[in-house]
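Here is the structure we will look at.
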Amino acid sequence: MRTAAVYLGLQLKRAGKMLPRMLAVTLVLAALVALVGLMLSRMNDSDDAQEKIRIGVVGDMEAGGVAYGVSVMESLDSTRFSLSLLPMSEEEASRALKSSELDAYLIVPDGFVDAMMVGEHRPVTFVTRDVGAGVGGILIRELAQTVSALVLETENAVYGLQDYTAENFPERNPYADGDTLTYKYMMKILDRDRLFQVETVGAADQLSLPGYYLCGFTVLFAMLWAISCTPLFTGRSRELSRLLSADGFGAAGQVLTEFISFVLLMLCGVLGAGLLGSVLGKRLGLTIPELAGQGAAGLWRFGLGALPAALMLCAMAFFLFELTDSTVGGILVLFFSAVVQGYLSGCFYPSTFFPEGLRTIGALLPAGTAMSHMRSLLLGNPPSWPVWAYFALFMILSVLIREYRLLTGKEATA
């Protein structure tokens with residue numbers, strides 16, 4: 001017990017010497033995170049973020065069907081609030097697309113409407129840029145797929161009705177019945193406001209965008225912050241560890257003692273970052289809707305509730321430090337871990353826009369578990385228990401690595 005107390009005192013003294021430098025790094029990192037959050041908030045609220053999708057229409061506007069379709073979409077349908085259809089030539093559309101004045105354009109072939117009337121399929125060409133995973137790109141792809149499916153299914157239904165009527169009801173006019181069904185389809189499509197209920201949701205789990213990024217940036221901050229503590233671990237004496245083990249103070253006691261000093265250092269850093277973040281957020285006008293009306297008490301409750309996730313991320317950083325013995329190695333491992341996990345878990349960008357496979361992987365990662373824990377806190381749901389499972393796993397692995405080193409006198413990494 002005396003050995004543990006002395007060793008803990010030594011570790012706390014080492015942590016205390018690092019405190020000023022660590023706080024300086026913490027404040028700089030917290031300021032950068034707050035400024036990025038402000039930029040994202042301003043982008044979300046700006047007029048540019050609310051612009052309609054601009055789609056050019058290339059075709060013979062003198063053809064009554066094409067001109068009528070564009071007119072209907074521009075005046076009657078609710079999509080007029082989110083979609084602009086702009087008639088133009090193909091050369092104009094190509095130039096506008098390259099200069100980002102258009103999001104996409106449609107090439108309607110000559111005789112498209114007449115061909116539809118006689119059952120001939122002439123495909124409309126949809127041209128867009130490599131839009132990646134952005135919100136606008138996702139909406140454009142969804143729009144193209146939806147329109148394609150609507151046109152194909154409508155054609156199948158109308159032509160099927162005409163064939164069925166001609167074969168089974170010779171006294172009826174199949175083309176008149178086809179026109180009637182086409183009209184009914186059009187009215188149903190254009191009257192979507194009565195068919196669907198529109199619900200505006202947040203970035204994920206119905207969180208607001210500021211609330212989501214509060215969770216994401218907190219997790220990212222915790223993972224990057226550990227880099228500032230690299231000297232605390234790379235400066236450890238392996239010979240001292242072996243002497244302590246020979247004196248009866250084994251791997252578990254050493255790991256626990258060193259982890260306590262690391263956690264106390266983390267608490268000082270988080271407290272400093274939290275104070276700076278709250279001051280900057282208030283001055284810059286950043287608000288978290290989920291914490292609105294709760295004042296400082298709500299922010300403190302969120303901070304205390306997030307401690308399990310912080311402890312788990314500290315345990316992960318401790319484990320990664322235990323794997324490496326060099327300063328450069330420790331920094332690289334922590335940095336790449338933070339970047340990869342932060343991206344896959346949605347710290348940079350809402351994971352709801354990722355493919356299902358990536359979303360599943362991101363949710364299972366430690367950072368994803370921490371994100372889930374903090375989102376639950378903001379929504380008032382029960383906290384996520386897997387953070388404690390990860391915490392126990394990382395602590396056990398750290399003890400096993402230390403035990404391996406003490407028994408063999410070798411390092412755990414090459």
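Nothing fancy with the numbering, it's 1 onward along the sequence.
The structure places CD1 of Ile331 at 13.5 Å from CG of Leu320, a figure rounded to the nearest 0.5 Å. Within the model, atoms CD of Glu258 and OH of Tyr7 stand 3.5 Å from one another, a figure rounded to the nearest 0.5 Å. Once rounded to the nearest 0.5 Å, the distance linking CD1 of Ile55 with CG of Leu106 reads 6.0 Å. Rounding to the nearest 0.5 angstrom, the gap separating the CG atom in Leu19 from the CG atom in Leu12 is 11.5 Å. Remark: Leu406 CG to Leu243 CG distance equals 10.5 Å, nearest 0.5 Å. Here Leu393 contributes atom CG and Trp388 contributes atom CH2; the two are 14.5 Å apart, rounded to the nearest 0.5 Å.
In terms of the side chain to side chain contact (heavy atoms under 4.5 Å, CB included) criterion, residue partners of Leu256 (sequence neighbours excluded) are, by chain and number, Ile260. Ser337 pairs by the side-chain hydrogen bond (donor to acceptor under 3.5 Å, both in side chains) definition with Gln341, not counting sequence neighbours. Partners of Phe394 according to the ring-ring contact (aromatic ring centres under 6.0 Å, His included) rule, which considers only residues two or more places apart in sequence or in another chain, are Phe319, Tyr390. Taking Glu92 as the reference, Ser89 meet the side-chain hydrogen bond (donor to acceptor under 3.5 Å, both in side chains) condition, with sequence neighbours excluded. By the side chain to side chain contact (heavy atoms under 4.5 Å, CB included) test, Val399 is found to be paired with Ala251, Ala252, Val255, residues two or more places apart in sequence or in another chain being considered. With sequence neighbours excluded, the residues satisfying side chain to side chain contact (heavy atoms under 4.5 Å, CB included) with Phe336 are Leu332. Remark: Leu364 engages Thr360 in a side chain to side chain contact (heavy atoms under 4.5 Å, CB included) (not counting sequence neighbours).
Scanning both residues, Pro366 and Met316, for their nearest heavy atoms gives CB-SD, 3.8 Å. Scanning both residues, Phe302 and Met374, for their nearest heavy atoms gives CE1-O, 3.9 Å. Annotation for Cys215 and Leu378: closest pair SG-CD1, 3.6 Å, computed over non-hydrogen atoms. The two residues Gly368 and Ser345 come nearest to each other via the heavy atoms N-OG, 3.0 Å. Closest approach of Cys347 to Tyr213, counting heavy atoms only: O-CE2, 3.7 Å.
Side chains of Tyr105 and Glu90: no donor on one and acceptor on the other come within 3.5 Å.
Counting only heavy atoms from C-beta outward, the side chains of Cys314 and Phe262 approach each other to under 4.5 Å. In this structure, the side chains of Ser398 and Phe321 stay at 4.5 Å or more apart for every pair of heavy atoms. Considering only heavy atoms from C-beta on, Val127 comes within 4.5 Å of Leu97 through its side chain. Side chains of Pro308 and Met312 form no contact here, defined as non-hydrogen atoms less than 4.5 Å apart. Using a 4.5 Å cut-off on side-chain heavy atoms (C-beta onward), Arg301 and Leu304 make no contact.
The backbone N or O of Gly305 lies less than 3.5 Å from a partner atom in the side chain of His373, making a donor-acceptor pair.
Ring orientation note: the planes of Tyr343 and Phe348 are tilted relative to one another, at an angle of 30° to 60°.
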Is there a side chain to side chain contact (heavy atoms under 4.5 Å, CB included) between Leu313 and Met266? Walk through the geometry before answering.
CA-CA 10 Å; Leu313 294 174; Met266 177 271 296; over 6 Å; no
Is there a side chain to side chain contact (heavy atoms under 4.5 Å, CB included) between Leu265 and Cys229 once you walk through the steps?
CA-CA 9 Å; Leu265 198 61; Cys229 298; 3.6 Å; yes
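Residue pairs meeting the side chain to side chain donor-acceptor pair (under 3.5 Å) criterion with at least one member in residues 214-229, sequence neighbours excluded, are Thr26-Trp225.
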